[in-house]
Amino acid sequence: MDGIHDLGGVQGFGKVAHTINSDSYKPVFHEDWEHLGYSLTVVAGGLLGAYATDELRHAIERMSARQYFSAPYFDRIIVGTATLLVEKGLITQEELDEALGSHFQLAVPSNNGGRPAPANANSAPFEIGEQVEVRDEHVEGHIRVPGYCRGKRGIVLHRTTVSWPFPDTIGHGDKNAEHQPTYHVEFRAKELWGQGARDGSVVIDLFEGYLTRIDAEADQSDTQTPLTRA
Amino acid sequence: MDGIHDLGGVQGFGKVAHTINSDSYKPVFHEDWEHLGYSLTVVAGGLLGAYATDELRHAIERMSARQYFSAPYFDRIIVGTATLLVEKGLITQEELDEALGSHFQLAVPSNNGGRPAPANANSAPFEIGEQVEVRDEHVEGHIRVPGYCRGKRGIVLHRTTVSWPFPDTIGHGDKNAEHQPTYHVEFRAKELWGQGARDGSVVIDLFEGYLTRIDAEADQSDTQTPLTRA
Amino acid sequence: MTQSPDYTPANTPSARANALLKVMTDKGFVPEGFIQAFTQKMEVEWDPANGARVVARAWVDPEFRELLLRDGTAACEQFGYTGMQGEYIVALENTPTLQNVIVCSLCSCTAWPVLGLPPEWYKSFEFRARLVREGATVLRELGEDLDDDIVVKVWDTTAESRYMVLPVRPEGTDHMSEEELAALVTKDVLIGIARPRLTELASASQEG
Amino acid sequence: MTQSPDYTPANTPSARANALLKVMTDKGFVPEGFIQAFTQKMEVEWDPANGARVVARAWVDPEFRELLLRDGTAACEQFGYTGMQGEYIVALENTPTLQNVIVCSLCSCTAWPVLGLPPEWYKSFEFRARLVREGATVLRELGEDLDDDIVVKVWDTTAESRYMVLPVRPEGTDHMSEEELAALVTKDVLIGIARPRLTELASASQEG
């Protein structure tokens, strides 16, 4: 989904609150409840097997914008975990409210059931060095394509030797998700952000189903910024 | 700027809290401070002439995501107004803090000075019925192009008989902004949101400088969804 | 640190608004009586009943209708509905198979003099995010379940044009006076999320 | 209404976490001692010193370096750095003119076993939003002002690959032992926002 969690390239954010090598990173947790974020979601998703990691990501993405932006990081994990346990019927909203002593705000329910991986339009896996294009899709459910690379072209640097369940399917709890490798695709900064961008590139880890092969014959335009006419 | 205020098409938002014709809309204000949002900004921007409306919009866009999403509507107007009055040197942060009795959080300062209207690449104004394309630009400063129509093509329904200062210029306080008409450009839903979209259209009111003429000779692709290959 | 400094502001919107008022007043920026007069304008003068009168006139006067569609600003000026946020008014003509709806996805722009100030739901993140993408669905959720053959056309108020919807005059209203017709046109009808209904005459009248 | 129902929650993150803990515990979902053991793993076992040891080994052992770049998972397994969020590790090779930097723009994915849990700034909205668009600027603000001839390559962790940066071994370190070299490699170096510095040996050692 094109949610507010999809922050890559969104402008208006100020300085990152850090200076290099200034932090000892110990203790790892700063408040005594923070470890519960990961601990409880590992219990629920891992030990109980109640959900896959992509379902947790999706649950957090479904938090209202107000809640998402006001909640600290580990609180978002707690809210995502609680949302899924309620949706899976393992606990109830009432139990949470009672334990909390007030209303426990969960994420917004999904309005769709996800989707299978796009039927294989590619005759073969993509090869290292091949130019590929990210499908220009608007998917209502969970998806692991950051909006800033949609419809953009990049070069394949690596194909993983392992396959994982397609996020748009498993993210909605469908265990029949097709397993696919992912590709490390490098996009030039100017392709992503326009000609005013500084040199550099971004490499995005994309499932095979998010990519399309570029038909060399159909491609008559400049290969660097083929979608820009301005 | 591609800010978090640019909400058009962002998914994950729930139901609009309203039922048709259920609200008398009186009283207009629900809390006794709300009228100050518009009153004070009309004093500052209108009576004092301290800033243009696009500067107020830009100041509100520059609020941090956390602040933007947690602030009620009229509070955002207050924060934008206070930010500009401080930036213009008419009041100070210290005066606000003292009156408030605690820190008065303002918007994040702009990191750029805006831009002039793009040099006229169009030989003539666009005509009613003409197909135009929204420039695929990533502008760091204030801009009045919602992200969801960037690079998309639509049909001109109307050219305004009045001209206004170009937002990307006046929004940064530059009174030499070029005056331009705007165009009501209609985009088919499928052009904006992909083939899965329901019928319908969106009409966006776009300054001339945001649009480019489509060169009929260069356009060899399908005119409905020319940028989509998937 | 575990959160941004602005995570929980130590003060309220009301306190911030009054602090700004105090600073601006202390500087002598705020003319005596201005806020009271302007608030009166916002609360009373700018009213959806204004837009309703314009619509009713267009329903009974073909010449005025033609003017309204050609030059909305001039048409509204005939009623004195001009000024701030009413400098360039464009009327959007519904048909039996076309429903126009207004939104401002970037902020909250509205034709104040004819529609009144924008309501809370119009300024909500939900309406701003969803209307441009799933207009028909939003209208159905709001209570206006349009037939499938009606196309929704969303107008995103991204520049200085200010819109008002000119709805189709409902059938069965031939006997009505211009004033009675105006009472069918609610604020929601002017924004375009609702079509005028005969049965709403009574309740609409109560709203003033 | 003037705001969404969730505008100001009536409870705190700490209270919510403990409420969920209580409900899950009451249901018998939480095995005795599991949370303590897992927290120990997060606080102690997953440590940037692990990734530093991997880097130092690659600096002194060309064969290991080749393995690390070809199959990061296998290389890290030799140290026992495997398991959760370490299932597919990819090492990113810096050169004098290339600086790799890791981010997760969509959430917070990180190679826990070799980098430790992601720090607050890495999970911040600011880092997630800005790094993919203006990497060099962000690095300069953080204190790593790269020469103009150094290209920044940002790796957005959007799927299941987990990255670690293999920095260039600084000059003047020929005399150093593998352990001393590891002390040059801080968490920030492994993420890629910093290049290793000789002068940081002392403070880095203190961090354990």
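Convention: sequence-line order gives letters A, B, ...; per-chain numbering from 1. Small disclaimer: the values here were computed from a predicted structure and weren't measured.
Heavy-atom pairs under 4.5 Å with chain C peak, among B:Glu61, B:Glu98, B:His184, B:Glu186, at B:His184. When B:Leu47, B:Asp6, B:Thr19, B:Thr182 are compared by the number of non-hydrogen pairs under 4.5 Å with chain C, B:Leu47 comes out ahead. Interface summary for chain C: among B:Val28, B:Ile77, B:Leu100, the most heavy-atom pairs under 4.5 angstrom belong to B:Leu100. Of the residues considered (B:Ala44, B:Ser102, B:Gly200), B:Ser102 shows the highest number of contacts with chain C, using heavy-atom pairs under 4.5 Å.
Within the 4.5 angstrom heavy-atom criterion, only side-chain atoms of C:Pro31, from C-beta onward, approach chain B. Only the side chain of C:Leu117 comes within contact range of chain B, with at least one heavy atom under 4.5 Å from a heavy atom of that chain. Heavy atoms of C:Tyr163 lying under 4.5 Å from chain B belong exclusively to its side chain.
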Does the side-chain contact (heavy atoms from CB on, under 4.5 Å) test come out yes or no for B:Phe74 and C:Lys123, once each step is laid out? CA-CA 10 Å; B:Phe74 286 111; C:Lys123 299 178 294 193; 3.5 Å; yes

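Using a 4.5 Å heavy-atom cutoff, the side chains of C:Glu134 and B:Arg198 are not in contact. Looking only at side-chain heavy atoms (C-beta outward), C:Gln36 and B:Ser39 stay at 4.5 Å or farther from each other. Between B:Val42 and C:Phe34, the closest side-chain pair of non-hydrogen atoms falls below 4.5 Å. Residues C:Phe38 and B:Leu40 have side chains not in contact (no heavy-atom distance under 4.5 Å, counting atoms from C-beta outward). By the 4.5 Å heavy-atom criterion applied to side chains, B:Leu96 and C:Arg16 are not counted as neighbours.
Near-neighbour residues of residues 141-156 of chain C relative to chain B, defined by a heavy atom under 4.5 Å from a heavy atom of that chain, comprise C:Glu141, C:Leu142, C:Gly143, C:Glu144, C:Asp148, C:Val151, C:Val152, C:Lys153, C:Val154, C:Trp155, C:Asp156. Contacts between residues 83-113 of chain C and chain B, counted as heavy-atom pairs separated by less than 4.5 Å, involve C:Met84, C:Tyr88, C:Val90, C:Cys104, C:Ser105, C:Leu106, C:Cys107, C:Ser108, C:Cys109, C:Trp112.
Judged by distance alone, the side chains of B:His103 and C:Asn11 never bring a donor and an acceptor atom under 3.5 Å apart. Side-chain atoms of C:Thr186 and B:Asn21 form a donor-acceptor pair, as typed in the model, at a separation below 3.5 Å.
Taking the salt bridge (charged side-chain N to carboxylate O under 4.0 Å, His left out) definition, one finds that B:Asp199 meets it with nothing, sequence neighbours left out.
Contact detail for B:Gly14 and C:Arg130: the closest heavy-atom pair is O-NH1, 3.0 Å.
With ring centers used as reference points, C:Phe125 lies 6.0 Å or more from B:His5.
Rounded to the nearest 0.5 Å, atoms CD1 (B:Ile20) and CG (C:Leu139) are 8.0 Å apart. A distance of 6.0 Å separates CZ in B:Phe29 from CD in C:Glu43, rounded to the nearest 0.5 Å. Summarising the geometry, atom CZ belonging to C:Arg133 is positioned 5.0 Å from atom CH2 belonging to B:Trp193; distances are rounded to the nearest 0.5 Å.
Taking the charged nitrogens against the carboxylate oxygens, B:Arg57 and C:Glu160 do have a contact shorter than 4.0 Å, which makes a salt bridge. Salt bridge absent: B:Asp23 and C:Lys187 never bring a charged side-chain N and a carboxylate O closer than 4.0 Å.
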Show which side-chain atoms of residues 18-30 of chain C pair as donor or acceptor with protein atoms under 3.5 Å away, not counting sequence neighbours.
unit_1: C:Asn18; atom_1: ND2; unit_2: C:Ser14; atom_2: O; d: 2.9
unit_1: C:Lys22; atom_1: NZ; unit_2: C:Asp26; atom_2: OD2; d: 2.7
unit_1: C:Thr25; atom_1: OG1; unit_2: C:Leu21; atom_2: O; d: 2.6
unit_1: C:Lys27; atom_1: NZ; unit_2: B:Glu95; atom_2: OE1; d: 3.3
unit_1: C:Lys27; atom_1: NZ; unit_2: B:Glu95; atom_2: OE2; d: 2.8

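One N or O on the side chain of B:Arg144 and one on the backbone of C:Thr158 form a donor-acceptor pair closer than 3.5 Å.
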